[in-house]
2 protein chains.
Amino acid sequence: MLETVTHMKTAEATDNEAQSAPKGDAEKRGRKASKEVRRLQLIEATIDSLAKRGYAVTTMADVADGAGLSRGIVNFHFESKEKLLIATLQHMYDEYSAHWRTALQKAGDDPARQLQQLVWADFDRSICNKRKLAAWLAFWGEAKSRPTYQALSSSRDACYQQVFIDLCATLKESGGYSYDPQAIALALSAMLEGLWLRLMMGTEDTTRETALQAANAFLAAAFPKHYGQRETGASKNRG
Amino acid sequence: MLETVTHMKTAEATDNEAQSAPKGDAEKRGRKASKEVRRLQLIEATIDSLAKRGYAVTTMADVADGAGLSRGIVNFHFESKEKLLIATLQHMYDEYSAHWRTALQKAGDDPARQLQQLVWADFDRSICNKRKLAAWLAFWGEAKSRPTYQALSSSRDACYQQVFIDLCATLKESGGYSYDPQAIALALSAMLEGLWLRLMMGTEDTTRETALQAANAFLAAAFPKHYGQRETGASKNRG
DNA sequence: ACATTTTGAATGAATGTTCAACAAATGATG
DNA sequence: CATCATTTGTTGAACATTCATTCAAAATGT
């Protein structure tokens, strides 16, 4: 019935979104708008480089070339390389945060449906694609030794985790399960991150489809009363 | 005037394993033994640097200083920086691989016990500590863009995954469960990796104990007939 | 005219690698 | 055992390269 979830599909191939033009709504403050557009353009180029080359060998020249601009431009819009990377991380964090909050809102009032939508949202093409995942992993690899990154580095923050715990607690009561909500919530969110990891690594046995199946299998096993084993909702649709 | 600068300050905190001596079984080829010891010493220093500073800023000088040796020594024992990193990754891969195989062997013939031991082995202090986990994550962040890393980068390889699938299939038959063994196995191993990720990130809400609880909660939820909700087995034993 | 943005070369710091000298162990010879 | 020759291991300085940053000049828009 509901194939609503997954069809965001915001330009996963290469994303030529930020490149178009500084036109349209900004004419009085065309400059300021142009400045924001430039920043976005450079941030997207940074994500590209992180995904393609990796954190360690992502250089300012890579970013500038990727954006089709000159070498010194990044230090004009961002003060330094570190600030560019922080801005990029912040951008991805904001995007992910907005994404799951939207999914939660769209889910309505049924807790079971809310949890399901949250889980499915994780595999939406707009955020779950090779490019973004690779960029996340690049940051994760550096987060532990960079205090500035730590707050933003885990896309699933404390607030997200608390939502999971509350939902698991609610389902526990309504379903009469007997586990610790906190433990199950941790297991669930850890599995989601682990599936992301598999997808990024590019092992052949894990695709977006199989990952979604695994997530559904977890839901069915942990909350049998709410997610019957019969209908997973992922087996027939999705191209 | 020149007092020999033999610091040998290997392994400050945890592992003074490689330090012992080039003696014993190697007298004819004492040199070769010493060579292996040096290699291990440098590999350990590399892990230290990866964990403390991160992949991007781990330099040859860091490694040499960490081992208490001179700058040029790494290029003598390893041909290049890349080969040092590959050797380090291989070392960690071999260690992890040997670890889970040993755990599997010790578990006896009962499939339920085998799976449980495999899961618990993941949180053994010998491999599940901040230092090693941080080093793993550092490699993961670079693996996608470095073909040489890819084969070794995921500690849990195809063989490990197959063991999981087979065990899940066996438990499915004996317990009369109704899910797809492959999906559940993927969910399980992904959760383990995700829990590792949380532990590395150093978020306060995830410790080795809570991670183990989450893993046990998963087992109890997925295989209720085999792992009753009552006894998790993790509350008192296992240091 | 004026402010803003962009360019591209110059600069200086950091880093991987090389290498000639040096030290230590090993083996040969008497 | 003593002495020398040879191989193996180690050092630290020198070198070349890469990269982030700076900045004066040019281009662009208002």
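On a predicted model such as this, the values are computed, not experimentally measured, just so you know.
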*Which whole-number value in Å describes the distance from B:Leu69 CG to C:dA24 P?*
15 Å

*Take the protein atom CZ of A:Phe78 and the nucleotide atom P of D:dA20, then report the distance between them rounded to whole Å.*
15 Å

*Report, as yes or no, whether the 6.0 Å neighbourhood of atom CD on A:Gln90 holds more than 12 heavy atoms from other residues, nucleotides or ligands.*
yes

*Would you kindly give the CD1-to-P distance between B:Ile73 and C:dA24, to the nearest whole Å?*
14 Å

*Spacing of A:Arg38 atom CZ relative to D:dG29 atom P, expressed in whole Å*: 11 Å

*CZ of A:Phe76 versus P of D:dT28: gap in Å, rounded?*
15 Å

*So, A:Asn75 and A:Glu79: side-chain donor and acceptor under 3.5 Å apart, yes or no?*
no

Could you run down the sub-3.5 Å N/O contacts of the protein with nucleotides 15-19 of chain C?
| from | atom 1 | to | atom 2 | distance (Å) |
| --- | --- | --- | --- | --- |
| C:dG16 | OP1 | B:Lys81 | NZ | 2.7 |
| C:dG16 | OP2 | B:Met60 | N | 2.9 |
| C:dT17 | OP2 | B:Asn75 | ND2 | 3.4 |
| C:dT17 | OP2 | B:Lys81 | N | 2.9 |

_Whether B:Ser97 side chain and B:Tyr93 backbone form a donor-acceptor pair below 3.5 Å_ = no

*Hey, what bend do you get for the helix from C:dA1-D:dT30 to C:dG30-D:dC1 if you fit axes on five pairs at each end, rounded to 10°?*
10°

*State whether a side-chain donor-acceptor pair under 3.5 Å links B:Asp166 with B:Gln162.*
yes

_Output the rounded distance in Å from CG (A:Asp65) to P (D:dC19)._
11 Å

*Give a yes or no on this: more than 12 heavy atoms of other residues, nucleotides or ligands lie within 6.0 Å of atom NZ of A:Lys52.*
no

_Over all atoms of both residues, closest heavy-atom pair of B:Cys159 and B:Trp100_ = SG-CH2, 4.2 Å

*Nucleotide D:dT7, atom C1' - distance to NZ of B:Lys35 in whole Å*: 11 Å

*Could you tell me which residues satisfy salt bridge (Lys or Arg N to Asp or Glu O under 4.0 Å) with B:Arg156, sequence neighbours excluded, listed by chain and number?*
B:Asp122, B:Glu193

*asked:* Does any part of the side chain of A:Arg198, heavy atoms only, come nearer than 4.5 Å to the side chain of B:Leu186, both counted from C-beta?
replied: yes

